[in-house]
8 protein chains.
Amino acid sequence: MDEAVQKLIAQTAAGEVSLAQALAQAAALTGQVADIGCARIDHGRTARCGFPEFIYGAGKNADQLVRIVGHMAEKNGEAFVTRLDGAKIEVLKQAFPAGEADALAGTFALYTVPRGSRGEVAVLCAGTSDLSVAQEALNTLRFCGIGATLYSDVGVACIERVLVLGDQLRKADCCIVAAGMEGALPSVVGGLTPAPVIAVPTSVGYGAALGGFAALSGMLNSCASGVTVVNIDNGFGAACAAIRILNQK
Amino acid sequence: MDEAVQKLIAQTAAGEVSLAQALAQAAALTGQVADIGCARIDHGRTARCGFPEFIYGAGKNADQLVRIVGHMAEKNGEAFVTRLDGAKIEVLKQAFPAGEADALAGTFALYTVPRGSRGEVAVLCAGTSDLSVAQEALNTLRFCGIGATLYSDVGVACIERVLVLGDQLRKADCCIVAAGMEGALPSVVGGLTPAPVIAVPTSVGYGAALGGFAALSGMLNSCASGVTVVNIDNGFGAACAAIRILNQK
Amino acid sequence: MDEAVQKLIAQTAAGEVSLAQALAQAAALTGQVADIGCARIDHGRTARCGFPEFIYGAGKNADQLVRIVGHMAEKNGEAFVTRLDGAKIEVLKQAFPAGEADALAGTFALYTVPRGSRGEVAVLCAGTSDLSVAQEALNTLRFCGIGATLYSDVGVACIERVLVLGDQLRKADCCIVAAGMEGALPSVVGGLTPAPVIAVPTSVGYGAALGGFAALSGMLNSCASGVTVVNIDNGFGAACAAIRILNQK
Amino acid sequence: MDEAVQKLIAQTAAGEVSLAQALAQAAALTGQVADIGCARIDHGRTARCGFPEFIYGAGKNADQLVRIVGHMAEKNGEAFVTRLDGAKIEVLKQAFPAGEADALAGTFALYTVPRGSRGEVAVLCAGTSDLSVAQEALNTLRFCGIGATLYSDVGVACIERVLVLGDQLRKADCCIVAAGMEGALPSVVGGLTPAPVIAVPTSVGYGAALGGFAALSGMLNSCASGVTVVNIDNGFGAACAAIRILNQK
Amino acid sequence: MDEAVQKLIAQTAAGEVSLAQALAQAAALTGQVADIGCARIDHGRTARCGFPEFIYGAGKNADQLVRIVGHMAEKNGEAFVTRLDGAKIEVLKQAFPAGEADALAGTFALYTVPRGSRGEVAVLCAGTSDLSVAQEALNTLRFCGIGATLYSDVGVACIERVLVLGDQLRKADCCIVAAGMEGALPSVVGGLTPAPVIAVPTSVGYGAALGGFAALSGMLNSCASGVTVVNIDNGFGAACAAIRILNQK
Amino acid sequence: MDEAVQKLIAQTAAGEVSLAQALAQAAALTGQVADIGCARIDHGRTARCGFPEFIYGAGKNADQLVRIVGHMAEKNGEAFVTRLDGAKIEVLKQAFPAGEADALAGTFALYTVPRGSRGEVAVLCAGTSDLSVAQEALNTLRFCGIGATLYSDVGVACIERVLVLGDQLRKADCCIVAAGMEGALPSVVGGLTPAPVIAVPTSVGYGAALGGFAALSGMLNSCASGVTVVNIDNGFGAACAAIRILNQK
Amino acid sequence: MDEAVQKLIAQTAAGEVSLAQALAQAAALTGQVADIGCARIDHGRTARCGFPEFIYGAGKNADQLVRIVGHMAEKNGEAFVTRLDGAKIEVLKQAFPAGEADALAGTFALYTVPRGSRGEVAVLCAGTSDLSVAQEALNTLRFCGIGATLYSDVGVACIERVLVLGDQLRKADCCIVAAGMEGALPSVVGGLTPAPVIAVPTSVGYGAALGGFAALSGMLNSCASGVTVVNIDNGFGAACAAIRILNQK
Amino acid sequence: MDEAVQKLIAQTAAGEVSLAQALAQAAALTGQVADIGCARIDHGRTARCGFPEFIYGAGKNADQLVRIVGHMAEKNGEAFVTRLDGAKIEVLKQAFPAGEADALAGTFALYTVPRGSRGEVAVLCAGTSDLSVAQEALNTLRFCGIGATLYSDVGVACIERVLVLGDQLRKADCCIVAAGMEGALPSVVGGLTPAPVIAVPTSVGYGAALGGFAALSGMLNSCASGVTVVNIDNGFGAACAAIRILNQK
């Protein structure tokens, strides 16, 4: 047992620090959380959750992103950022030329170890307008080494387009279904497959589409039992849910 | 032409009475509005709109309903009331034993001339729970002499149930589609028929179904072009819209 | 029976493919859905619905639009796009000089066979500010060969403006009524005509107009029976509903 | 002037008491607020506002109401209570047999000096279902000695019903217009009269009527300029606004 | 009686036109509604409502505005436009150099007859941020020859600021009170004056201010009886309501 | 393979019947949908989705429920009903004495083959008030032969209560987490386990809890990646989602 | 210090158990959480938060409440329950005759050690209808030995009623201000005192009061800086916040 | 007593001015409210509330801000402005070079007397994206001479990050906790400390985060008793609430 720990035990025994504080100090010794000033990086997440900490790009400036990605690349050899606009993508590409940027999906992926391809996730989107959300899901899955196939523009106004995918839906480990407007596609998919169906409402539509709330509330009330839902436009979250499912296989 | 009418036209042309006043006086001259104290009955509605004034039962007490139905029966030989609870239905049945009451739909129909059966309206409902709304539509149509067929429990979670109705949907003059929860059925129907599709969101569901708003906003954003929508649980209004369509044939 | 079909039957008989999958593969042989990469074009829609697939321009980039319009023009000799901004219109005009663009309505129409003029739809708007929505309806109707007349700036604050249209409203096959703010116009129109009345709430107004929801909810509660409603600013959808009605004549 | 008042002015000018404190002390010196335990009665309201304090019955129990009405009757010889249910009305009638109770409107009026009839307020309601709200307004006006006439069931689905009232609307000192559902009536009335128009949305309707919010938001966006609005079902508040207007004549 | 009218009567007698249509044609002969293509100008409004038609600038382009203002200036010698942005104001100033533009309030006033100053309206605003709304009210009042005084930055967080205005509030013919955030000012004002109080919620604030809905719903529930409310930021509407009140004096 | 099937494939390939029609006919040929008058039972659901059709009890009357349960019991030897009130439970218990009713959860389970116990789902609820929702999930899982353990009253206000469950959460195949009020528990659980986390917002709370929407929107925005959400109080749906996940193992 | 604790610190420092697990084990070692079946009682709360765990009565049945209160009374000699209806209060009074029940506030307090009276909290309510909320706050404070005074019916429509309390507000350690309708009172109070002001919106009002949301959103936007807000009708929560403030003195 | 006061007393005694008006004039003599044209500065606020009037920069233009800051600097030697954008900050920096501007927080502080550091407020934010809100709180506290420490990026997805702060939270005089998305952090903090916890929902997040309403409603329903809430993104208001708490020490 090292000296710092012995001292901590002594202080606790002497009532100089509370037990709670002693445990907090003990945990800090293991270095799982790295404080880099603008952020506290959670290096224990892969162990706890089965996937690493990803970086939410929307609320951070370019400098912060470069520092965080740099820290992660150095420590883990990989980093994945979502919700990036064009300007931030440019800065990241200059700072990390080996990274893969996707402007449509707003993601940036950096890694050294080649990605594998485990399992099979079917990613559907109802219309061409939902593609950016579907692509965010695909990129997240691929960064984590999960196999994924995109089926786009298969909305229910032409029901044949989805019926024809019957076998693919039945064989998938998980289906991610992105749809805006009335968000009816996950209900139809849910009736065609035994696989988990993760519905992603998108903000496609106008007026009573309510920026995606029509689709969201529709999906939450799907008459196909066992459909689960993530936040509007949250392709990333749907992918993480799929990863949690594939963690179990 | 009587003198009062001539004078009215001349006064209108001279700007002595406004058009609004002139029309009001014309209506009064021709006796179109009957003031019976608790209500002003619009006897000109069939001429103007193609269907008579119906009676909204929700905000009126039993005495008022009896007086209004009595007045209409005497003048026109027919009356139709919606949104009735059990107690009001009982009072109406006692006052007008010849009337037809439907407790599920909350309607009361009184007539002497037998109803015909013109045209064909397909009335679908997604689940058994939507039946009262569909029945209100059916009763309204039948009171007005329109042919109508009910197809119940054909929700999209088992898509075969609606696909099998393809021919009936294509041949109908109009489709009325009632659905609660996510309200996806009108989108699928709209993709299968050239007929007008009138969507009726129902208040079936709970939580994020929002008392029918999830279905309502979904239907307003249907990816099947040309679907129109009426108020939540408004089977009566859907039937009136169908009558307007059949007025044109 | 051709060879592909025979093989499919044999595989099905042998249990190598499921019946559902066999049918999907059989349907694919008929080529009704054309997969052009960024979209799956539904060439069976005119047969099923009485009007062709239209293109929603809002969520697609200019390149995708050019490809889709090109594909449709080649296959069908016509294409119609809605929800276009100025930049996309410019690209389409350059790619298809024969097309008709309307910047106010945000539409683009391309066709070779001259359009006819069947039926008569009255398109009303309450104020000058609602014109773009009314124009989207007019353009859609005209592309489909439906006769249509615009009556603009006839809001109820000066009731004479709408009363004077009495005969035109009574003779129309269908009335499309666009209004923002309190959306009262469809109720007045509904009381003056036996024709179907399709109400289009517009996003005109501010504050409690709620981007069109005041008008939308007002129209859904119209005291004039049989008024149906489409999404906010959805002149296109109203036109498609009118086409469905005219399909029946 | 008494000494306490002189001292108060001097202290205020010297900054020893703030204006707020000074006014409070002045009110206390002149006995304007009476603390009766369960309530602090504002006897200065008639002087300040032109009408006395009225009693909101909804959140008080019968005992409290009896005490408050008793106190007011003793001090002022009059009291007016709104938002009463049947049970509370019974208690008040027993305690104050001279009072006038109206179960439909939920009001109770007690007075000794006969009421006059000054001015003329036109109170319209769109349907029979809006009558209780209109009656609350009528009772409040009459308690305050204001002349008022009721015109009921004049909704816009039969426009002649309101057009025929043109002269009465033009001659009124003020128009109170109660309507539920889409709440279109005040816009039509506002276009027909130079008088102040106070719109009262009612909770009549269902589904997208949203308990009166459809009417409320519609009225706030009335295309007839200068229409003002009070809370849903607030016939009382509309009457008070009319009294403020008649205060100015 | 002129020939057109005689012909109309004859046609009506012959059943060639309906009575309703005859009256509409008769009314058209009086020319109260002028159709100038992009708009139908209501020249009868002053006679009906006590103030002329004003022009809502938000949904019209500069060309339309110039045509409408030009038509009104020629016919009536005056025009008033609201909800103008800077660009439209510039175009109007160039087209009508005699007009008075106010960029803060977004209004443009054109007139030849000098404006009078009848009555006295007190216009209060809670904070400096509410000034543009208050100014829109002031400009509307002044265009219509109504006297008006502005009291700005008198919010309730420093209650002395409003208490000190007691006499001015009591003597005003009408008080217009603009406030954002929690919108408490009208309740305090309503307790200090017998005059009509018109509350204008403003969109000042953020987060739970909900773009003015916090203030709007607060004002609709004012504990000061008889406060009426107009739409968010609708200083113009409040002024029109004040004009209706002054019409009665 | 029988002749009807061969013909169907051929007709589909020839475009004589659409894919939609073909699938419907195939379903009819294989007897998957049973029309029992008040309902159309979907006997193909286990094959398609991995679990049988369950019965939503809320919108059906007791007679309908008895007929549906009877039909299912006869055909499949099992039936499961949700959303039952006490009265319906009594009727079902009398009709099917072998069934297991749970009044707290509102479920009724009937089966002959003993249930197995495959896998392990951890079902957590934040407070005692959330127990009925959690119990609905447990009953659904157990009816389907899935192992499940309940951990109740582990809300985050005493974080130790959930931390102590670390191992159980990590070892579960899936975690279902029911919480009302602010709905924070799934975020904490999501940070402690690699397993799929299905969040169930409950309607526990008052005021700004908005009947479960505070929890719902919070869960949709969980900072723990990969948490999915079902409808408010939808313990049944969460269990079905868990079954879909266990279907994949 | 006992051996288990030493080992725990060492394991934490070595990364063998996470901080979360370590704290949970520490809590278990010190017996802070008591699992009594239907609930897990948090006996560490007074040490951590400065007040004991209180019992939320709304979602628990009478049996559960008796068990929980019994456990707490035995362990700590005191228990406090909120949100009780009449029936549950009766059961608790029978089980614990020494307890103090308050039907208006819905609380039940049981204790053996007499309560002290530390500090001074001013509890204001705008109207008589807000009394139950204010009383819940008072009971909570008094159970915790905090001095508190009630000032009721001091709404801003008669501003003198609150101005007269100036000194009491300035001298209080904390002001709790309950108000419904527009919720303006906390803004006025906040401008008169340097003490913390905790605003409690109440559900008093109707229509646009939105069950307390008008008051809630108004209070969140108070123009008086530093006003904080609790949930609608949450007098209990306001009292707890006051206790936290008095914990600091 | 000076002459102005004597005259005022005489006029009041003579009935020439009302007592209320006399007091208002008397108060005006003390000069606590300074009318500088565009604003009425409240110089009495420090005496009444324990902190000076701060300047809300959002609704004022640069000229107004310079005048107000100039007036305050001259009178009090200090001024503090919030909600500034970059352009306004530049103008203020040029006008008052001694001021301290913070572009992230949007604040500007000007003072001559050095700030002290009394007490200790812990300011936590859940993610890097919440930093601007936390910084606004910090700047406000520091301007008022309150000690404050920032702990950023301590969201609950990695619970160790907040657990490790246990002692700091317990020792703080007050905790300000800013969080967006689901806003769970204040509940966890509230369970770890006896200090007042002021929750600040931030607008961080998208979709169902509803611009901060998910966090806001979550925090209002916190299961940790005694958490109070301020408006979305209102770091300033949280700091003022903390100052009110520290005023009491």
Side-chain angles (χ1 to χ4, degrees), chain B residues 18-20 22-23 42 44-51 53-54 56 82 119 140 160 166 169-170 172-175 190-199 201 216-217 219-232 234 236-249, chain C residues 20 42 44-51 53-54 56 119 140 158-161 163-164 166 169-170 172-175 190-199 201 216-217 219-232 234 236-249:
Chain B
S18 70
L19 173 56
L23 287 170
D42 175 15
R45 191 162 300 179
T46 301
R48 290 197 325 274
C49 300
F51 48 78
E53 183 167 10
F54 302 111
Y56 177 67
T82 62
T140 306
E160 282 83 359
L169 299 178
R170 272 183 291 279
D173 293 307
C174 178
C175 298
L192 297 174
T193 180
V197 177
I198 302 166
L216 171 61
S217 52
M219 291 167 176
L220 286 166
N221 285 282
S222 174
C223 58
S225 306
V227 169
T228 60
V229 186
V230 295
N231 195 8
I232 295 165
N234 192 7
F236 161 74
C240 291
I243 296 168
R244 287 178 179 271
I245 289 166
L246 281 153
N247 280 346
Q248 303 306 92
K249 292 200 88 164
Chain C
D42 174 16
R45 190 161 302 178
T46 300
R48 290 198 325 275
C49 301
F51 48 79
E53 183 167 11
F54 303 110
Y56 177 65
T140 306
C158 172
I159 198 78
E160 280 83 359
R161 292 189 295 208
L163 294 178
V164 86
L169 300 177
R170 275 183 289 278
D173 292 307
C174 178
C175 298
L192 298 174
T193 180
V197 177
I198 303 165
L216 170 62
S217 52
M219 290 168 176
L220 286 166
N221 285 283
S222 174
C223 58
S225 306
V227 170
T228 60
V229 186
V230 295
N231 195 8
I232 296 165
N234 192 7
F236 162 76
C240 291
I243 296 168
R244 287 178 179 270
I245 289 166
L246 281 153
N247 280 345
Q248 302 306 92
K249 291 202 89 165

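Order of the sequence lines fixes the chain letters, A, B, ..., with proteins taken first and strands second; residue numbering starts at 1 for each chain. No hydrogens, no waters, no symmetry mates; every other heavy atom, side chains included, goes into these values.
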Can you tell me which portion of B/Ile245 sits under 4.5 Å from chain C's heavy atoms? Options are side chain, backbone, both or neither.
both
So which residue, [options], ends up with the most heavy-atom pairs under 4.5 Å with chain C?
options: B/Ser225, B/Ala242, B/Ala241; result: B/Ser225
options: B/Ala199, B/Gly44, B/Cys49; result: B/Cys49
options: B/Gly50, B/Cys240, B/Pro196; result: B/Pro196
options: B/Ala47, B/Gly237, B/Gly191; result: B/Gly191

So what's closer than 4.5 Å to chain B heavy atoms on [X]: side chain, backbone, both or neither?
X: C/Phe51; result: side chain
X: C/Ile159; result: side chain
X: C/Leu216; result: side chain
X: C/Asp173; result: both

To the nearest 0.5 Å, what is the distance between CG on C/Leu220 and CD1 on B/Ile232?
8.0 Å
Atom CG of C/Asn231 and atom OG1 of B/Thr228: how far apart are they, to the nearest 0.5 Å?
12.5 Å
Would you indicate whether the side-chain heavy atoms of B/Gln248 and C/Cys174 approach each other to under 4.5 Å?
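They are not in contact (no side-chain heavy atoms under 4.5 Å apart), so the answer is no.
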Between C/Arg244 (side chain) and B/Val227 (backbone), is there a donor-acceptor pair under 3.5 Å?
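Such a contact is absent between C/Arg244 side chain and B/Val227 backbone.
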With distance as the sole test, does B/Arg48 use its side chain to make a donor-acceptor pair with the main-chain N or O of C/Thr193 at under 3.5 Å?
no
For B/Ala239, enumerate each residue passing the side-chain contact (heavy atoms from CB on, under 4.5 Å) test, keeping only those at least two apart in sequence or located in another chain.
B/Ala137, B/Thr140, B/Leu141
Sort out for me which of C/Thr46, C/Val230, C/Ile198 touches chain B most, counting heavy-atom pairs under 4.5 Å.
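Top count of heavy-atom pairs under 4.5 Å with chain B: C/Val230.
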Just jot down the side-chain hydrogen bond (donor to acceptor under 3.5 Å, both in side chains) partners of C/Ser217, sequence neighbours excluded, or say none.
none
